[in-house]
Amino acid sequence: ALKLRPDFPEAKENFYRVANWLVERWHFLMLNDHGRNHKYQLAIKKAVEGGCSSVLDIGTGTGILGMCAKMAGAVEVYACELSKTMYELACEVLSSNGMADGIKILHKKSLDMEVPKDIPNRVSLVVTETVDAGLFGEGIIETLIHAWKNLLLPPPNPQQPLSSSAQTGRVIPAGATVYGVAVQCEEIRRHHRLCVSSIGGLDLSMVGQIYSPVCCSADSEDSTEPYTTERLSRLRGGYVQLTQPFSALDIDFNNPQELEGLCSREVQQLRLYVTQDGLLDALAVWFQLHLDEDNHLSTGPQEETCWEQAIYPVQTLFNAVKCGDEILVEVSCKDSYLRLCCIAIIRDGHMFCFDSGTTGPSNILPANPEAALCSALASLQTRHAQPSQAFTLESSEIALLNNTAYHISFRKAMSTLLASLQSARSSQELDPVFVLDVSEGFSVLSLIAAQLGFKPAEDKQTSNRSGLVKAYSSVEKEHHQMILRLLAGANGVPESALEFWLRHVEDDSAVLQRPNTQRLWSAIILDCIETCGLIRQKLLEKASLARCLLEDGGQIFPQRIVIHGMLVESETLLVENAVQGTEPTLGFNIAPFINQFTVPVHMFLDLSTLECTRLSEPAELFTLDLMNSTLNYTEKQVKVQVSTSGKITAIPFWYRIELDSEESVISFSPGSHWKQAAVVLQQPLVVSTGDWVQLSTRLHKSSISINAIK
Ligand SMILES: CCc1ccncc1CNCCCCSC[C@H]1O[C@@H](n2ccc3c(N)ncnc32)[C@H](O)[C@@H]1O
């Protein structure tokens, strides 16, 4: 559609979401990483010149490694790629670089390949970079075990060192070493554990523990993924190393027996010496790929490389460590995922075991006064709930709960609304006001509203406000409802004041219906901004539907959203968005093909840690009025003055979310659970201090586009 009508907005907006899905963003990072590409080229060149005449590139992506092998003089070069989009893209790249005849490319997963059906003979070299931040997450172990069995010539036999490379097989990378370090990091903690005991006036201690699905407890059920990924060097507030980096695992990809044995290798226990007091929030893990004896690629946090690290959050409550302690870590490779798990802290010869990742230390080995104190402390924190009680919420839902400022502001705004409704009602009117929360995901806002309805009357004059509010929540998941029921009970809100609304309706707009034939809503709570920093789709449609369902004096929360933005120069946003020319890709012409999949809006950006030069002050770019649609428009021009000379490459943006005329929250603020987004300009705009730049912001179907002209 875009090729036919490039400015067709529906296609454009869908395309951006589709492009993000079809082609992973790390392709741009990888291809722009000249250091990485050059090291692979050197290793491949050395192997081919050393006699590896037939090469298979597994997971070729754009085809760059296969082309290196061809350029190095390999006689037979094959490539396979399981993604259809990447396969078709690689075909275009090969022909554009005159290698369509020299390289046979297959749209296949290597595991489905066999000799002679797919490739005529076994090859002497496999090159691949089918690795993720946790090394094994793209299946490289299974891929190589299969390759050694079916696609590669046998490995060199140490007894016959002289067997030429033409008769033996080998893999680039030759192996990998996995490293880790224990870290304290508040930003990781905020996403994986509840860090507050009350939010917006609700006491949370009743609910037991709440964790993210990322947990590596020894008895991990399959539903959890063992690690998440973060760019440690870009985490808000940074991190503190609590131990020295340690080496967790070594793997030789040229040793089929070792590969076979990896997953059955017994669990390895490491004792990490704590060198710094702090809170043990996670283990951060990275690796070195040994392409060959001389060329290594590291994904470590200290490198200026662009890769993320694997993060294994420590979910236990009792995570204070002191210099001199030792952290007991188990390393295993279960179901071909690399798993690291902190299982205990050793202090003065005593071991405090973390339970299987659900609560604080429960079975503490040899008891001693300090241990007893620790376990008392831990149980203190879970004083009410049955300690075995633990709930799982998405990390974005946990970060939202930890955003106390947002919940406090919401409580104030809701209280103001209830007071105004209360004064407007005749005293004898008894039936409650209806509040509906249609937030996506887990939300306690409905409960905050319900609790306000049961606040004991502040002063004797006003009638007891008990039962003023009847709150409805559209949370659907069973455990979400369980948490809300527990919280209602613990916060004096009778079950009758909170109802679950229209579960499992076909589309999320259908939950917007009147509470009953006689009544309308006094407040409807909408979820406007996605965690990634974009406006939620169909927001304006939902708001206009919601407005029709409000009774007089009723309100939508939030009332207004003001988009703020600023001019920045950021090389980082460029390299994460498009391949810059042919230089980084070893002179191969790849950019025009992969750049078809660039998306002008970069999301999940943490603007507080983005390396960039700010070229202007923040400016208000656009306003969305959810209460009064007549004030809305689809395009707005704003003039912004350049405060520092430079090259505008992107316009990051965020939101002031106005709950009412007094209360608002900013989506770009320290405690915020929202990330920011940025429009990346097609052509950087060179500007000088004092210049005026006109920004025209368009909002079409929740998709923001911003053009800058001098
Ligand atoms: C320093 C490396 C690094 C470190 C940390 N984070 C990222 C990186 C960068 N590498 C990311 C590659 C990750 C994706 S793998 C690349 C391409 O290969 C394809 N594939 C994967 C397996 C597979 C197979 N068995 N048979 C055929 N094709 C296969 C995928 O469809 C993808 O297009």
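Each ligand, and each atom within it, is numbered from 1 in the order the structure gives. Heavy-atom basis, side chains included; hydrogens, waters and symmetry copies ignored.
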### Task
Heavy-atom distances under 4.0 Å are what count here, so tell me which part of Met30 touches ligand 1: side chain, backbone, both or neither.
side chain

### Query
How does Trp286 reach ligand 1, if at all, at less than 4.0 Å between non-hydrogen atoms: by side chain, backbone, both, or neither?
neither

### Top protein contact for atom 7 (C) of ligand 1, by heavy-atom distance
Trp307 CE3, 3.4 Å

### Query
Given that the side chain starts at C-beta and the backbone is N, CA, C, O, which of these parts of Lys108 lies under 4.0 Å from ligand 1, counting heavy atoms, or is it both or neither?
backbone

### Task
State, with a plain yes or no, whether a side-chain heavy atom of Met71 is found less than 4.5 Å away from one of Met99.
yes

### Message
Using a strict threshold of under 4.0 Å (side-chain N to carboxylate O), is an ion pair present between Glu186 and Arg236?
### Response
no

### Query
Can you list the ligand 1 atoms lying under 4.0 Å from a non-hydrogen atom of Phe287?
4 (C)

### Task
Quick one: which residue pairs count as a side chain to side chain donor-acceptor pair (under 3.5 Å) with a foot in residues 111-121, not counting sequence neighbours?
Lys108-Asp118

#### Entry: N or O pair under 3.5 Å between Glu129 and ligand 1
yes

### Query
Considering only heavy atoms of Thr143, which atoms of ligand 1 have at least one such atom less than 4.0 Å away?
25 (N)

### Query
Side-chain donor-acceptor pair under 3.5 Å between Ser212 and His192, yes or no?
yes

### Query
What part of Val131 sits under 4.0 Å from ligand 1 if we count only heavy atoms: the side chain, the backbone, both or neither?
both

### Message
Would you say that Met86 contacts Val23 through its side chain, given a criterion of any heavy-atom pair below 4.5 Å between the two side chains?
### Response
yes

### Message
Please determine whether a side-chain nitrogen of the Lys or Arg among Arg234 and Glu187 lies less than 4.0 Å from a carboxylate oxygen of the Asp or Glu.
### Response
no

### Message
Could you tell me if Thr177 and His290 have a donor-acceptor pair between their side chains, going purely by distance under 3.5 Å?
### Response
yes

### Per atom 24 (C) of ligand 1, closest listed option by heavy atom (Ser110, Ala147, Pro173, Ser298)
Ser110

### Query
Relative to ligand 1, is Thr299 under 4.0 angstrom through side chain, backbone, both or neither, heavy atoms considered?
side chain

### Message
Heavy atoms only, cut-off 4.0 Å: how does Leu82 contact ligand 1, side chain, backbone, both, or neither?
### Response
both

### Option of least heavy-atom distance to atom 15 (S) of ligand 1 (set: Thr130, Leu29, Asp112)
Thr130

### Glu138-ligand 1 polar pair, N/O distance under 3.5 Å
no

#### Entry: Non-neighbouring partners of Gln184 that pass side-chain contact (heavy atoms from CB on, under 4.5 Å), sequence neighbours left out
Arg189, Val240, Leu242, Leu279, Asp281

### Task
Determine, for Asp606 against Arg231, whether the closest basic-nitrogen to carboxylate-oxygen distance falls under 4.0 angstrom.
no

### Task
Check whether any heavy atom of Leu111 sits under 4.0 Å from an atom of ligand 1.
no

### Query
Name the one of Ile172, Asn254, Leu144 that satisfies side chain to side chain contact (heavy atoms under 4.5 Å, CB included) with Val126?
Leu144

## Note on the structure
re atom 30 (C) of ligand 1, the protein heavy-atom contact at minimum distance is Glu81 OE2, 3.5 Å

### Summary
protein heavy-atom neighbour closest to atom 18 (O) of ligand 1 works out as Gly59 CA, 3.1 Å

### Message
Please determine whether any non-hydrogen atom of Ala133 lies less than 4.0 Å from an atom of ligand 1.
### Response
yes

#### Entry: Heavy-atom pair with the smallest gap, counting every atom of Leu605 and Ala678
CD2-CB, 3.8 Å

